[in-house]
Number of protein chains: 2
Amino acid sequence: MSGPTRAPTLADVAASAGVSLSTASLTFSGNKPVSATTRERVLAAAAELGYSGPNPLARNLRQGRSGVVGIAVGQLSTAFRDPAALAMLDAVSEVLGAAGLGLLLMSDDDDHARLPLDAVIYDICGRETWAAYADLVARDVPLVVVEGPAWPGSTYIDIEHRVGSAALAEHLHALGHRDVATVTLAASHPQREREAGLRDVFPHARVLGACESDVAAVQSLVAHHLDDRGPVTAIVCQSDVQAAGVVLEARRRGLRVPEDLSVAGFDGVATPWLDLELTTVVQPLADKGHATAEAVLGRIAGADVSDVLLPVALRVGDSTAPA
Amino acid sequence: MSGPTRAPTLADVAASAGVSLSTASLTFSGNKPVSATTRERVLAAAAELGYSGPNPLARNLRQGRSGVVGIAVGQLSTAFRDPAALAMLDAVSEVLGAAGLGLLLMSDDDDHARLPLDAVIYDICGRETWAAYADLVARDVPLVVVEGPAWPGSTYIDIEHRVGSAALAEHLHALGHRDVATVTLAASHPQREREAGLRDVFPHARVLGACESDVAAVQSLVAHHLDDRGPVTAIVCQSDVQAAGVVLEARRRGLRVPEDLSVAGFDGVATPWLDLELTTVVQPLADKGHATAEAVLGRIAGADVSDVLLPVALRVGDSTAPA
DNA sequence: TTGTAAGCGTTATCAT
DNA sequence: ATGATAACGCTTACAA
């Protein structure tokens, strides 16, 4: 029979159905009405030829859009190890998916300049520079930054870091704590804001060190601090995962939480493998994701999009107690 | 002074540099040599006009490729809650990124038929049907299936489920266990294989129930089984996360692991928040990801790609002991 | 090494 | 409701 024939195109379908190219196009796009009988003929011809719908690549060029939104999250395995990041991602994906947009993961190092992106979400808390930034700006790709640097031209989604951190600090102060230490993130806007909030109440809070939101990382970080700790009675962390690591390491070293040591987190995610409820600052992760995605949609549509600042709430759990 | 001028194209650059369109193209693609002086002129013109490189959409259409590979992982937050999935994803992303390909997340429900995908990875263990499958086949999109159904036309990446499961079962048998129960995954190829391996040794192993790889889920699943358990002395799980959940729930109910109950997992991932090392079946997650990505590259290149079956290894930890 | 020209497969505009 | 036609911006034979 026939050799390796090329895939049928819309033109083939149109010809086979005896209609014009534009009518065939409208049959599939539905952008303008097409009579029922014509549609029948076109679809029949398509089925017969094995035409699987308009070529996305061609449509993309014509429309100037790819339907793909990039999301920069740094190293995948570390970024997504934190449930907070996943909750956010879920919300983003939900909104973008409903709009027919796909979500493309951008590692920090890769060269994504050649990929067709309609917009990019920058969600790498703890980084202040980004190789791809200049390129994206040059290409006029809308950029939505989550808790990152307030780069020119980008839309900015953030939460009330300082307010939440200060509320937590006040809670500890009210419990009688005076000697407080903190585990930090890498130098970044959220970290600076949160530390400022902490120092609003405890100006001399000691910094134990910085690490990612990773149980093992925080355990090794605080390991010796718990031995030769000075008079520290509470440790404030920048994520619930960090806080869980501190709790576990404290117990390993014979300290009871919260009796001997109060521990606080940030985020408000579930930690079912911990047998206590963390005192933490709950951030609206789903709202943050939705707001981010909505900002992306707005920017893609060319609308004026304003920055978003979301509130947080202190949640007192079982990991903090009187000093 | 000019109004909202449209973005410059390669043709503008070529004209401004006084060279032909093809020469300008070659300057950027490097696909054929261009004299140094010519390149200079082109790049200078590009810089002057603010040309940010060839339009990816146009190149995609011309080349018939988008540079985007889809990966179907089901619900994002649940899929990535398991560190095993992340390790795999990392390896995939590493190889594809090096090849200049982007990775697009495909939720199960969304309609991704309109997205330009060069290939798709199906990595949803525990699902046997997929709405998008027929469409991808119709569009001739290469499909690489990881531990999923052996769909016609797809390349198949898998591990030695049954062998590993049987080795684990023999380990338990050698420890004197005779009354074994198991926590399963949703009905699927891996689940069937692993259960077969278990029953090679314990034909009458009891099924406690199925759940995802989620600590909270498994805890509630096994909660009452640990109370009114018959003579069960060991529980075999289908992931280390499941196993961790069983350990925690067992302890919560006053059972010591491994003295009163042996618990085994699958995967071989780190569980730093558990104070014992799980006995488990270690699968080569990075290899699996690399093999998957390599298969994708091969399929995109139109090569003949063979299926891959990777070995696993029993690792005896502290969560199993004599019955 | 550089230029000419032919598409890639659509969608959108404008008539009819 | 349908048809003719012009882009969309680039890459790549092929020619010179």
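Just so you know, these numbers use all the heavy atoms, side chains as well, and skip hydrogens, waters and symmetry mates.
In this structure, B/Tyr51 does not reach the D/dG9 phosphate: none of its side-chain N or O atoms is under 4.0 Å from OP1 or OP2.
Residues in residues 113-122 of chain B take part in these side chain to side chain donor-acceptor pair (under 3.5 Å) pairs, two or more places apart or across chains: B/Ser66-B/Asp118. Sorted by first then second residue, the salt bridge (Lys or Arg N to Asp or Glu O under 4.0 Å) pairs that include residues 119-134 of chain B, not counting sequence neighbours, are B/Asp108-B/Arg127, B/Glu128-B/Arg192. The ring-ring contact (aromatic ring centres under 6.0 Å, His included) contacts involving residues 70-99 of chain A comprise A/Phe80-B/Phe80, where partners must be two or more places apart or lie in separate chains. Judged as a salt bridge (Lys or Arg N to Asp or Glu O under 4.0 Å), the pairs with a partner in residues 65-87 of chain A (not counting sequence neighbours) are, in order, A/Arg81-A/Asp214. Residue pairs meeting the side chain to side chain donor-acceptor pair (under 3.5 Å) criterion with at least one member in residues 39-57 of chain B: none, sequence neighbours excluded.
Atom CG in B/Asp12 sits about 9 Å away from atom P in D/dG9, given to the nearest Å. Rounded to a whole Å, the CG atom of B/Asn31 is 15 Å from the C1' atom of C/dT2. Rounding to whole angstrom units, CZ of residue A/Arg65 and C1' of D/dG9 are separated by 17 Å.
B/Glu212 CD: 12 or fewer foreign heavy atoms inside a 6.0 Å radius.
Contacts with DNA chain C (heavy atom under 4.0 Å) in residues 13-27 of chain A: A/Leu21, A/Ser22, A/Ser25, listed by number. Less than 4.0 Å separates DNA chain C from no heavy atom of any residue of residues 53-60 of chain B. Listed by residue number, there are no residues of residues 40-50 of chain B with a heavy-atom contact under 4.0 Å to DNA chain C.
What you find for A/Ala119 and A/Val141 is that their closest heavy atoms are CA-CG1, 3.6 Å.
Checked against ring-ring contact (aromatic ring centres under 6.0 Å, His included), B/His290 has no partners two or more places apart in sequence or in another chain. When the side chain to side chain donor-acceptor pair (under 3.5 Å) test is applied to A/Thr155, the partners found at least two apart in sequence or on another chain are A/Arg299. B/Ser35 is linked by a side chain to side chain donor-acceptor pair (under 3.5 Å) to B/Thr37, B/Thr38, counting only residues two or more places apart in sequence or in another chain.
Among the nucleotides C/dT10, D/dC10, D/dT12, the one closest to the side chain of B/Gln63 is D/dT12.
When heavy atoms are screened at a 4.0 angstrom cut-off, B/Thr38 is found touching the sugar-phosphate backbone but no base atom.
Toward the 5' end of DNA chain C, the nearer of the two residues B/Leu61 and B/Arg39, judged by each one's closest nucleotide, is B/Arg39.
Two residues are said to be in side-chain contact when any heavy atoms from C-beta on lie closer than 4.5 Å; A/Met88 and A/Val146 meet this criterion.
Taking the six-membered ring where the residue is Trp, B/Trp151 and B/Trp130 present parallel rings, their angle staying beneath 30° rather than reaching 60°.
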Assess whether side chain to side chain contact (heavy atoms under 4.5 Å, CB included) is satisfied between B/Leu104 and B/His112, documenting all intermediate values. CA-CA 10 Å; B/Leu104 183 139; B/His112 293 271; 4.1 Å; yes

Pairing string of DNA chain C (Watson-Crick or G-U wobble, both atom distances under 3.5 Å; | = paired to other strand) is ||||||||||||||||

